[in-house]
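Structure, as C-alpha cells:
Remember, it's 1-based here, ligands and their atoms both numbered in the order they're listed. Model, not experiment: these values are computed from the prediction.
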Amino acid sequence: MALIVQKYGGTSVGNPDRIKNVAARVAKYRAKGDQVVVVVSAMSGVTDNLIKLAKEIMPLPNEREMDMLLATGEQTTIALTAIALHAMDIAAVSLTGAQAGIVTDGVHTKAKIHNITPKRVHELLDKGNVVIVAGFQGETMDGQITTLGRGGSDLTAIALAAALKADLCQIYTDVDGVYTADPRLVPKARKLPEISYDEMLELASLGAKVMQSRSVEFAKKFGVIFEVRSSLNDNPGTIVKEETKSMEDIVVRGVSLDKNQAKVTLVAVPDKPGVSARVFKALGDANVNVDMIVQNISHGSGTPATDLSFTVDKPDLLKAQKVIDGLQKEIGYKETIADEKIGKLSIVGVGMKSHSGVAGKMFETLANEGVNIEMISTSEIKISVVVRLDKGEAAMKAVHAAFLGN
Ligand code: ADP
Ligand code: ASP
Ligand code: MG
C-alpha cells in the first residue's frame with residue numbers, strides 16, 4: 001500500500017466532466033489499496049476572474065482581503081471533487097488548507113509555508129477516506145487565511161508530500177510533462193523524461209509556468225521526487241529529481257519566455273553611494289521581487305548620473321512604482337519609465353557549467369533574427385536576456401532550434 005499525493009491543476013478540474021475524470025483516476029489508485037491525498041486548484045479561469053473583479057473596484061486592493069477572496073476558488077473545487085467521489089461510492093472528505101494543518105507566515109498573497117501538521121489528514125486516511133485538500137492556501141498562526149502565490153497548489157502538493165512522507169507525488173496538468181519549451185509557443189518542443197531540480201527551478205522562475213518555482217525549491221530542499229504528467233491520458237510524464245552526472249551531457253535542457261515581466265527605469269539618478277541600497281531596500285520592504293538590475297553611468301557632461309533599470313513581475317509594477325515615487329524627493333532622480341512590453345528569454349541547462357561558447361551562440365542566433373538585447377543576466381546554469389515582447393516568441397523559436405533542434 002502506497003501513500004500518494006496527486007495534484008490536479010485548473011484545467012484538470014475545469015468543468016464537471018473533468019472533475020469526474022479526476023475522481024475516476026483517484027478511484028483506480030484506491031482500488032489498488034493505495035491511500036490518496038488529492039490537492040486541487042481552482043477551476044481554470046476562476047482565480048484570474050476573482051482578481052479582475054477586485055481590480056474593477058480598486059487597482060491595488062488590500063492583500064488580506066485578496067487572500068480571503070482567492071481562497072474561495074479552491075474551496076469550490078475541493079467540495080466538488082469530494083462530491084464526485086461520493087457519486088462513485090468512495091469515501092472522501094474535503095479540507096481547506098487550514099484544516100489540513102498548513103501554517104504559513106503572514107505575507108498575504110505570497111505566504112511561505114511555516115510548517116504542516118497533517119494529523120487530521122492522517123486520521124481521515126486511516127479511516128479509509130480519500131482526503132481532498134485545497135491547494136494554494138494556508139492559515140497564519142493567528143488564524144488569518146493566506147495564499148501561496150500564483151500557481152501555489154503545486155507547493156501545497158509538494159509540501160504535503162514531504163510532511164506525509166508520501167511514497168509518490170504526482171502533479172497532473174494539461175500537458176504530458178515538462179518540455180524543452182512551452183509546447184504552446186514552440187510546437188517543436190519535446191517532452192523531457194527527466195530534469196534536475198536546479199534546471200526545473202530556473203525554468204519555472206524564468207517563465208515556464210508548468211511548475212510554480214517555489215514548489216520546486218521546496219522539493220529540492222526536502223528531496224521530494226515528483227512526476228509532472230497529464231490528467232488527460234496515461235502517458236509517463238517527467239521525473240523531477242536531484243541532478244545526476246549524465247545530465248551534464250546535455251548543454252541546454254530547455255528554453256523559457258517570461259511575458260509577465262515589466263521594466264522600470266529611473267532616469268538620471270545621482271551617482272553616489274547608497275542610492276541603490278535605498279531603492280532596493282524599499283522595494284524589498286514592500287515585498288516586491290526584483291530580478292534583473294542594470295545600471296549605466298552616463299559619461300556626458302554635468303553632474304554624474306546613472307540610469308537604473310530593473311525588472312519586476314507585472315502584477316507588482318504598480319506597487320513598485322508607488323514605492324519609487326515615494327523616494328523621488330529624497331533621491332532626486334529625474335523621472336521613472338515603466339515598460340510592460342518586454343519579454344525575458346532564457347536558456348537553462350546544468351551542462352553549461354562544463355561547456356563554453358553558449359552565450360555567444362545564443363546572442364548570434366538573436367542577432368540573425370534581428371532581435372535587440374536590452375538586458376543580460378547569467379548564472380552557472382542559465383542565460384537570460386530581455387527583448388521586446390513582440391519579438392519574444394520568434395526569438396524563442398530560433399533559440400530553441402539552435403540549441404535543441406527542429
Ligand atoms: P495547471 O493548471 O495544471 O497548474 P499550468 O497552466 O499552471 O497548469 O501549467 C501548465 C502549462 O504550462 C502548460 O499548458 C504549458 O502551456 C505551460 N508550459 C510552459 N512551459 C512549459 C514547459 N517547458 N513544459 C510544459 N509546459 C509548459
Ligand atoms: N488557483 C491558483 C492560481 O491560479 C493556484 C493554482 O492554480 O495553483 O494561481
Ligand atoms: Mg500551475
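- Under the 4.0 angstrom criterion for non-hydrogen atoms, Gly151 is in contact with ligand 2.
- Of the protein's non-hydrogen atoms, Val210 CB, 3.6 Å is the one closest to atom 27 (C) of ligand 1.
- Residue contact annotation: Ala181 has a non-hydrogen atom under 4.0 Å from ligand 1.
- Below 4.0 Å from some heavy atom of Ala208 lie the following atoms of ligand 1, by number and element: 19 (C), 20 (N).
- In this structure, Gly177 counts as a contact residue of ligand 1, since one of its heavy atoms falls inside 4.0 Å of the ligand.
- The closest side-chain donor-acceptor pair between Thr109 and Thr147, if any, does not fall under 3.5 angstrom.
- Per-residue contacts place Arg150 under 4.0 angstrom from the following atoms of ligand 2 (heavy atoms of the residue considered): 3 (C), 4 (O), 9 (O).
- Tyr333 and Glu335 form no side-chain donor-acceptor contact under 3.5 Å, judged by distance and modelled atom types alone.
- Looking only at distances, a side-chain donor or acceptor of Gln328 sits under 3.5 Å from a matching main-chain atom of Lys334.
- A donor atom on one side chain and an acceptor atom on the other are found under 3.5 Å apart for Asp174 and Thr11.
- With ligand atoms numbered from 1 in the order given, ligand 1 contributes 24 (N) to contacts under 4.0 Å with heavy atoms of Val178.
- Against a heavy-atom cut-off of under 4.0 Å, Ser41 is close to the following atoms of ligand 2: 6 (C), 7 (O), 8 (O).
- At least one heavy atom of Lys7 sits less than 4.0 Å from an atom of ligand 1.
- Close N/O approach between Ser12 and ligand 1 is not found [any backbone or side-chain N/O within under 3.5 Å].
- Taking a cutoff of 4.0 Å between a charged side-chain nitrogen and a carboxylate oxygen, Glu243 and Lys220 do not qualify as a salt bridge.
- Looking only at protein heavy atoms, the nearest one to atom 2 (O) of ligand 1 is Gly10 N, 3.0 Å.
- In this structure, Leu203 does not count as a contact residue of ligand 1, since none of its heavy atoms falls inside 4.0 Å of the ligand.
- Some N or O of Ser153 is nearer than 3.5 Å to an N or O of ligand 2, by distance alone.
- Side-chain atoms of Thr180 and His400 include a donor-acceptor pair closer than 3.5 Å.
- Between the side chains of Asp105 and His114, no donor N or O sits under 3.5 Å from an acceptor N or O.
- Contact annotation: for Asp182 versus ligand 1, heavy atoms closer than 4.0 Å belong to both the backbone and the side chain.
- Interface of Glu74 with ligand 2, defined as ligand atoms under 4.0 Å from a residue heavy atom, comprises 1 (N), 2 (C), 5 (C).
- Distances from ligand 1 to the non-hydrogen atoms of Pro183 include at least one value under 4.0 Å.
- For atom 14 (O) of ligand 1, the closest non-hydrogen atom of the protein is Arg184 NH2, 2.5 Å.
- In the vicinity of Tyr179, heavy-atom distances shorter than 4.0 Å reach the ligand 1 atoms 22 (C), 23 (N), 24 (N), 25 (C).
- When only modelled atom types and interatomic distance are considered, Gln212 and Arg150 share no side-chain donor-acceptor pair under 3.5 Å.
- Those atoms of ligand 1 with a heavy atom of Asp174 less than 4.0 angstrom away are 10 (C), 11 (C), 13 (C), 14 (O).
- In this model, a donor atom of one side chain and an acceptor atom of the other lie less than 3.5 Å apart for Ser384 and Ser346.
- Asn289 and Asp313 form no side-chain donor-acceptor contact under 3.5 Å, judged by distance and modelled atom types alone.
- Heavy atoms of Gly9 stay at 4.0 angstrom or farther from ligand 2.
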Candidate pair Arg253 and Glu194, rule salt bridge (charged side-chain N to carboxylate O under 4.0 Å, His left out), full reasoning: CA-CA 10 Å; Arg253 180 96 41 207; Glu194 60 177 18; over 6 Å; no

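- Under a cutoff of 6.0 Å and an axis angle of 45°, Lys263 and Phe310 do not form a cation-pi pair.
- Between the side chain of Lys20 and the backbone N or O of Ala84, no donor-acceptor pair lies under 3.5 Å.
- In terms of polar-atom proximity, defined here as any N/O pair under 3.5 Å, Thr173 does make such a contact with ligand 1.
- At a 4.0 Å heavy-atom cut-off, ligand 1 touches Lys209 through backbone and side chain alike.
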